[in-house]
Novice: 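The structure follows.
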Amino acid sequence: MKRTILFSVVLSAVIFAANGTTITATPGSLESELKGISLTDDELKIKGEIDVRDLRALAEVKVTTLDMSGAKIVAYSDLNRDSHGQSYYRENLIPQYTFFKAPYTSVTLPSGTVEIGAGAFADSDLKSVTLPSGLRTIGEHAFYGCSSLTSATLPSSVSSIGVYAFANDTALKEADLSRASLTALPANLFAGCSSLSTVTLPLSLRSIGSHCFDGTAIKTLNVDGVTNFADYALAGMSRLVEINFAPGVTFGNGVLMDDTNLQTIVNAPHNLPALFAANCSSFDSNTLMSETTSAGDFSLANTMAIELILSPGLTSVGAGALRNVETLERIDARALGDNVPEADETAFVGIDTPSVMLHVADNTENVWKEHPVWGRFNIYTGAYTGNDVIENVMADNRIVYENGILKIDSPLAIERVEVYSLAGALLLNVSPMAENFETTLSTDENMLVVRVKTSAGLYTYKLLIN
């Protein structure tokens with residue numbers, strides 16, 4: 001009996017050139033081809049069709065530059081599951097952990113790649129990676145711990161990125177996400193990127209996850225379009241100096257916690273969440289307390305302030321909200337009248353309250369003294385003991401509201417004008433930087449609270465509307 005033996009011959013082409021080695025592969029051919037040649041050059045180019053078997057073979061090749069731009073990844077099915085429980089691999093996918101700890105310093109992915117799996121290049125020696133224009137998904141930990149990677153630019157097609165995708169890339173200096181189609185940044189995306197100083201966010205971005213930039217070197221960050229910040233979203237950014245939020249944003253707890261160089265917050269929430277700016281030791285907490293209606297637990301703990309001017313709408317101060325603000329000398333509560341805010345027993349722990357002056361409105365001293373927390377301060381009424389020039393300006397009737405027009409005449413340039421309803425709603429917030437100010441202000445209120453700030457101080461005045 002004759003037997004017919006069928007031989008399957010896999011053909012591939014290997015070209016050696018001065019600028020590197022080029023292999024034109026067929027699916028599954030690279031393992032044998034790479035064993036049969038001596039790679040003496042630093043660059044390896046792959047063309048033709050490859051699958052997950054070929055990608056795994058390439059991960060073992062010790063060359064500096066891997067260029068797969070001319071290759072196409074095809075689907076592959078294996079009867080046996082791999083260590084991650086996977087047996088089918090889609091086309092145009094770099095499977096998870098394929099190039100984990102790979103020796104390449106430069107990689108160009110196949111032009112048709114649409115997804116990079118979890119941990120695909122984690123802990124590798126990459127200094128640069130070229131991502132294809134059609135890439136849609138970057139998995140979690142995809143480039144985690146690539147300690148030599150210096151920059152990352154995402155193409156416009158990227159719409160999804162996983163947690164820790166670029167975390168602990170300690171040499172990463174800049175990340176350009178501006179062209180990406182991302183609406184959300186995940187938790188810990190750039191955590192531990194200690195050299196990262198420049199990040200450009202996409203206009204489509206709406207939310208930022210927890211600890212997204214923790215430990216980076218970013219000083220300023222444009223988050224104008226972001227409407228939702230998860231717990232601790234911008235926490236641990238010790239170099240951050242200024243942050244500008246859009247109005248009407250949703251904040252989780254501890255969004256700015258441990259940002260020790262932070263000095264300016266624009267459009268902060270009036271209801272401060274717990275731990276909002278806790279441990280921001282360079283931040284003057286008065287800039288928030290003058291607008292805050294409620295201070296959550298530990299929201300401004302370990303910040304700094306010499307004076308706190310309380311918002312007329314303040315209703316509560318939570319546990320440890322102003323803990324250890326040891327520089328505090330004076331609190332101006334005159335705008336609150338006899339509406340004493342609730343205050344937790346520990347709201348001011350770490351402050352020598354008997355040495356701090358609490359300035360309250362005339363004829364309200366007893367109400368404040370009877371409160372178990374506010375009564376601990378050195379309470380007084382009458383004129384401010386400092387250089388309050390605006391106090392005299394008000395005595396001369398230089399704030400006038402007639403026929404829907406608010407007019408202010410000051411001997412000093414007016415740095416800021418705020419107008420509140422008696423319920424604490426902010427109706428106006430402007431910085432005229434002039435001695436005379438006039439604006440149209442429509443209101444149904446019977447009384448307004450007007451606050452005027454100049455270089456001499458800040459004065460709060462209740463304006464009766466006829």
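Nothing fancy with the numbering, it's 1 onward along the sequence. The basis for the numbers below is simple: all heavy atoms, side chains too, and nothing from hydrogens, waters or symmetry mates.
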Novice: Which residues satisfy the side-chain hydrogen bond (donor to acceptor under 3.5 Å, both in side chains) test with Asp54, sequence neighbours excluded?
Specialist: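 So Asp54 forms no side-chain hydrogen bond (donor to acceptor under 3.5 Å, both in side chains) with any residue.
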
Novice: Scan side-chain atoms only and decide if Ser355 and Asp352 contain a donor-acceptor pair under the 3.5 Å cut-off.
Specialist: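 A pair is found: one side chain offers a donor N or O, the other an acceptor, under 3.5 Å apart.
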
Novice: So, using side-chain hydrogen bond (donor to acceptor under 3.5 Å, both in side chains) as the criterion, who are the partners of Asp67 when residues are at least two apart?
Specialist: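 Ser69.
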
Novice: Go through the structure and list residues passing ring-ring contact (aromatic ring centres under 6.0 Å, His included) with Tyr89, not counting sequence neighbours.
Specialist: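 Counting only residues at least two positions away or on another chain, Tyr89 forms no ring-ring contact (aromatic ring centres under 6.0 Å, His included).
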
Novice: Donor-acceptor pairs under 3.5 Å, side chain of residues 135-155 to any protein atom, not counting sequence neighbours: which ones?
Specialist:
residue, atom, partner, partner atom, Å
Tyr144, OH, Asn168, ND2, 2.8

Novice: Ser294 and Asn271: side-chain donor and acceptor closer than 3.5 Å?
Specialist: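 Looking only at side-chain atoms, Asn271 and Ser294 do form a donor-acceptor pair, the distance falling under 3.5 Å.
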
Novice: What residues, two or more places apart in sequence or in another chain, satisfy salt bridge (Lys or Arg N to Asp or Glu O under 4.0 Å) together with Glu242?
Specialist: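 Salt bridge (Lys or Arg N to Asp or Glu O under 4.0 Å) list for Glu242, sorted by chain: empty.
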
Novice: Does any pair with a residue in residues 193-219 pass side-chain hydrogen bond (donor to acceptor under 3.5 Å, both in side chains), and if so which ones, sequence neighbours excluded?
Specialist: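 Passing the test, one end in residues 193-219: His211-Asp214.
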
Novice: Can you list every pair that meets side-chain hydrogen bond (donor to acceptor under 3.5 Å, both in side chains) and has a residue in residues 246-269, with sequence neighbours left out?
Specialist: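 Of all non-adjacent pairs touching residues 246-269, those that pass side-chain hydrogen bond (donor to acceptor under 3.5 Å, both in side chains) are Asp258-Asn279.
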
Novice: How would you list, by chain and number, every residue that makes a side-chain hydrogen bond (donor to acceptor under 3.5 Å, both in side chains) with Glu115, sequence neighbours excluded?
Specialist: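 Here the qualifying residues are Arg90.
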
Novice: Excluding sequence neighbours, so at least two apart, what forms side-chain hydrogen bond (donor to acceptor under 3.5 Å, both in side chains) with Asn286?
Specialist: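 Residues passing side-chain hydrogen bond (donor to acceptor under 3.5 Å, both in side chains) with Asn286: none at all.
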
Novice: What side-chain donor-acceptor pairs closer than 3.5 Å can you find for residues 118-131, not counting sequence neighbours?
Specialist:
residue, atom, partner, partner atom, Å
Ser124, OG, Phe121, O, 2.8
Ser128, OG, Ser106, OG, 3.4

Novice: List the atom pairs, with distances to 0.1 Å, where a side-chain N or O of residues 174-186 and a protein N or O form a donor-acceptor pair under 3.5 Å, not counting sequence neighbours.
Specialist:
residue, atom, partner, partner atom, Å
Asp176, OD1, Ser178, N, 3.0
Asp176, OD1, Ser178, OG, 2.6
Ser181, OG, Ser156, O, 2.5

Novice: Write out all pairs satisfying side-chain hydrogen bond (donor to acceptor under 3.5 Å, both in side chains) with one or both partners inside residues 222-239, taking only residues at least two apart or from two chains.
Specialist: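 Qualifying pairs: none.
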
